[in-house]
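When a ligand or atom number is given, it counts from 1 through the structure's own listing order.
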Amino acid sequence: MTVAPAQQRAASPASIDWTESTRELHLRNDRISYVMAVLENGALGQIYVGPALARGRSYRHLVPDEFRGFSNRLGDPVALEYPTAGGGDYRVPAFAVEHSDGSTVLDLGYVGHRVVRGKPAVTGLPATYVEDDDEAATLEVDLLDGPTGIAVTLSYTIFRDVPAVARSARIRNAGTVGLRLRCAMSASLDLPDAHWDLVHLSGTWARERHVRVRRLELGRQSISSSRGSSGHQHNPFLALRRGNTAEEYGEAIGFSLVYSGNFLAEAEVEPFGTARVRVGIDPDTFAWILEPGDEFATPEAVIVYSDAGLGALSDAYHRLYRERLARGAWRDRPRPVLVNNWEGTYFDFTEERLLAVASVAADLGIELFVLDDGWFGRRDSDDSSLGDWFVDRRKLPNGIDGLARRVEAFGLRFGLWIEPEMVSERSELFAAHPDWAIGVPGRARTEGRQQYVLDMSRPEIVDHLFAVLSDVLGAAPISYVKWDMNRYITEPYSLALPPERQGEFFHRYILGVYALYERLTQAFPDILFESCAGGGGRFDPGLLAYAPQAWTSDQTDAIERLAIQWGTSLAYPLSSMGAHVSAVPNHQVGRITPLTTRAAVAFFGVFGYELDTTALTDDERRDIREQVAFYKAHREVLQRGRFVRLRSPFEGDGNDTAWMAISDDARRGIVGFYRVLSRAVPGPDRLRLRGLDRRLAYRVSAWPAGADAMARANEGVRGGDELMHAGLLLVASRDEAAQRGDFWSRLFVLEAE
Ligand code: DGJ
């Protein structure tokens with residue numbers, strides 16, 4: 001991992017202690033402790049999750065005697081690691097099965113445990129990992145339901161350098177008859193009080209991941225997806241925060257699921273005032289048969305605890321997901337500035353038109369040209385050709401190879417859009433294999449964007465896609481792939497599964513997607529993959545393991561993007577967020593924003609353009625050349641720096657947003673300030689920064705460069721103490737502010753002297 005600032009770096013390793021006399025397990029790093037104990041009745045009880053507690057002491061007394069089991073005290077809030085139903089616990093379970101006799105009762109008792117250095121590799125599912133065994137320690141606890149032989153292994157990895165525990169479960173049928181899994185959560189946490197706000201990320205197409213906050217209330221509150229992908233509507237992320245928690249102080253606990261399919265994240269408060277949170281595969285759309293000897297692995301959930309606000313919670317996710325979830329050659333490489341032709345041409349292009357776009361892009365300093373939808377089959381609109389992954393020679397007479405080579409001759413790399421999981425009714429693939437599209441025999445299929453979804457649960461379909469896409473990617477100099485997915489699943493059913501196994505469909509679908517990603521990324525290790533799903537419909541940790549960046553949203557309006565990028569940053573790092581400057585009036589909302597503001601927003605992420613470069617005026621070309629140069633000069637900080645949220649578009653009247661990116665050594669930073677609507681007679685507003693070194697002096701310069709009063713008031717050498725305690729002056733002259741107009745932005749570059 002890159003070096004963290006001193007205040008973030010943990011000095012001692014991650015430890016996992018077992019105390020035989022009290023039957024306690026204590027996972028610990030410098031910042032957090034996670035304590036559990038084997039209760040008198042043999043269940044694995046939860047004792048504590050929070051700031052680090054001293055090693056070598058017992059914490060068992062934190063659970064009063066009467067809360068150590070349900071015997072004679074049915075419905076008590078006993079805190080458990082992997083709760084089940086039917087034995088006196090009436091809250092939402094983490095684990096539920098249907099036995100061969102139709103009963104559903106379970107009683108998981110502790111059998112034993114192992115501690116291993118590092119983190120065992122997980123196959124078939126995306127997961128966090130370590131590169132050195134000293135980075136983490138892993139505990140595996142074996143539980144058993146005696147009467148049936150159902151064995152559950154709970155896995156907990158505590159990381160040395162982040163206040164995070166990754167949890168998952170493996171379930172094995174060690175009995176002699178089959179059973180049906182009904183619910184297999186990745187993690188469940190029982191908290192001793194419910195004085196929390198629930199924070200989640202919700203929205204819809206072009207409005208993804210807005211921050212939503214509600215008070216935790218008695219009863220159940222949840223977010224979920226049953227669409228076959230994590231979805232635009234809810235993200236597999238949830239945080240609890242105290243009422244007084246802010247970005248820079250206060251308690252928060254995050255739950256993030258490393259999964260791209262149907263999920264559930266739920267909190268339940270019961271009348272004793274405790275709270276249970278569970279995250280995992282959505283049980284409503286899941287059932288899985290386990291024959292004797294079979295094993296099922298849940299996805300991983302990453303729990304982060306912060307006592308330093310939501311900012312520190314995000315820091316932990318960013319670091320872990322950027323450096324120990326993302327994989328491959330592009331994990332640490334600077335990501336190229338790209339131009340994508342989608343909003344520039346849509347389906348209406350020829351080779352000559354694309355080359356004209358690329359040649360101007362090269363002149364502007366852009367590094368990668370991406371050919372989006374419409375290059376294959378006979379695809380002149382979205383009503384045909386998905387599945388026919390061969391080039392349309394009417395548009396591209398020299399093929400992808402010919403186009404890519406000419407693009408490369410301009411000094412650009414070449415990238416290509418694909419949508420592997422889909423098939424159009426009007427396609428050769430559908431004509432040949434109508435049964436490959438998901439649907440229930442005898443029922444009409446629902447179309448979405450005039451297309452159907454291929455049954456990715458079937459290995460022969462994954463094999464076919466691997467073969468045809470390998471041909472495409474292997475036949476031309478392709479450096480980047482944008483993998484899109486433009487509709488949800490309806491009529492869920494697989495012809496390849498027997499009736500009793502149809503409950504496995506959704507999970508098997510996503511396992512098929514992961515398998516194809518795995519094979520393509522292994523076969524083409526130098527290609528940079530960007531995931532996409534009608535914009536940000538599958539922006540989740542699962543896909544980050546294969547594609548280190550994702551198209552954040554089809555919403556390219558700078559003002560709408562403030563909310564989307566702010567919300568996304570709660571769990572996801574800058575290096576994962578594709579952000580483009582597009583033309584005005586904006587194609588999604590019709591708004592006209594200054595080019596500077598569009599760039600100033602898109603800089604905070606993986607930067608690019610999505611417009612027709614040949615339509616730019618000379619002034620716009622000059623400005624864009626300068627923007628690209630600016631981004632390249634600060635790319636390391638803007639892609640890999642620590643992201644600090646300063647002023648929220650979700651608070652107050654939402655008129656101002658401010659954030660900054662800062663290098664790990666706190667010597668370089670870029671501050672972004674954005675004002676949506678201009679206001680008359682503004683006050684002498686100051687923007688206090690965070691994350692700087694108060695002992696350092698910083699040279700402050702404004703971008704775009706100018707000699708206005710605001711630049712003059714801030715430019716020069718300023719102490720880290722002044723910038724953090726007093727701040728930057730946002731309004732230096734009311735006359736000047738009156739002339740700015742709406743959708744105004746300003747960046748400040750900080751460089752330690
Ligand atoms: C949805 C994506 O989000 C867009 O960027 C574009 O690739 C279109 N699909 C193409 O169909």
What is the ring orientation for W375 with W389, classed by angle as parallel under 30°, tilted 30 to 60°, or perpendicular over 60°?
tilted
Does the ring centre of Y546 sit less than 6.0 Å away from the ring centre of Y514?
yes
Students often mix this up, so state it plainly: with edges at 30° and 60°, are the rings of H634 and F630 parallel, tilted or perpendicular?
tilted
Salt-bridge present (D435, R458; N to O < 4.0 Å):
yes
Between Y517 and W483, is the ring centroid distance below 6.0 Å?
yes
Taking the inter-plane angle between the rings of Y452 and F430 on a 0 to 90° scale, is it parallel (under 30°), tilted (30 to 60°) or perpendicular (over 60°)?
tilted
Can you give me a line-by-line list of nitrogen or oxygen pairs between ligand 1 and the protein shorter than 3.5 Å?
{"unit_1": "ligand 1", "atom_1": "3 (O)", "unit_2": "G535", "atom_2": "N", "d": "2.8"}
{"unit_1": "ligand 1", "atom_1": "3 (O)", "unit_2": "D554", "atom_2": "OD1", "d": "2.4"}
{"unit_1": "ligand 1", "atom_1": "3 (O)", "unit_2": "D554", "atom_2": "OD2", "d": "3.1"}
{"unit_1": "ligand 1", "atom_1": "5 (O)", "unit_2": "K482", "atom_2": "NZ", "d": "2.7"}
{"unit_1": "ligand 1", "atom_1": "5 (O)", "unit_2": "W551", "atom_2": "NE1", "d": "3.4"}
{"unit_1": "ligand 1", "atom_1": "5 (O)", "unit_2": "D554", "atom_2": "OD1", "d": "3.3"}
{"unit_1": "ligand 1", "atom_1": "7 (O)", "unit_2": "D372", "atom_2": "OD1", "d": "2.6"}
{"unit_1": "ligand 1", "atom_1": "7 (O)", "unit_2": "D372", "atom_2": "OD2", "d": "3.2"}
{"unit_1": "ligand 1", "atom_1": "7 (O)", "unit_2": "W417", "atom_2": "NE1", "d": "3.0"}
{"unit_1": "ligand 1", "atom_1": "7 (O)", "unit_2": "K482", "atom_2": "NZ", "d": "3.0"}
{"unit_1": "ligand 1", "atom_1": "7 (O)", "unit_2": "D484", "atom_2": "OD2", "d": "3.3"}
{"unit_1": "ligand 1", "atom_1": "9 (N)", "unit_2": "D484", "atom_2": "OD2", "d": "2.7"}
{"unit_1": "ligand 1", "atom_1": "9 (N)", "unit_2": "N486", "atom_2": "OD1", "d": "3.3"}
{"unit_1": "ligand 1", "atom_1": "9 (N)", "unit_2": "N486", "atom_2": "ND2", "d": "3.4"}
{"unit_1": "ligand 1", "atom_1": "11 (O)", "unit_2": "D373", "atom_2": "OD2", "d": "2.6"}
{"unit_1": "ligand 1", "atom_1": "11 (O)", "unit_2": "R449", "atom_2": "NH1", "d": "2.8"}
{"unit_1": "ligand 1", "atom_1": "11 (O)", "unit_2": "R449", "atom_2": "NH2", "d": "2.9"}

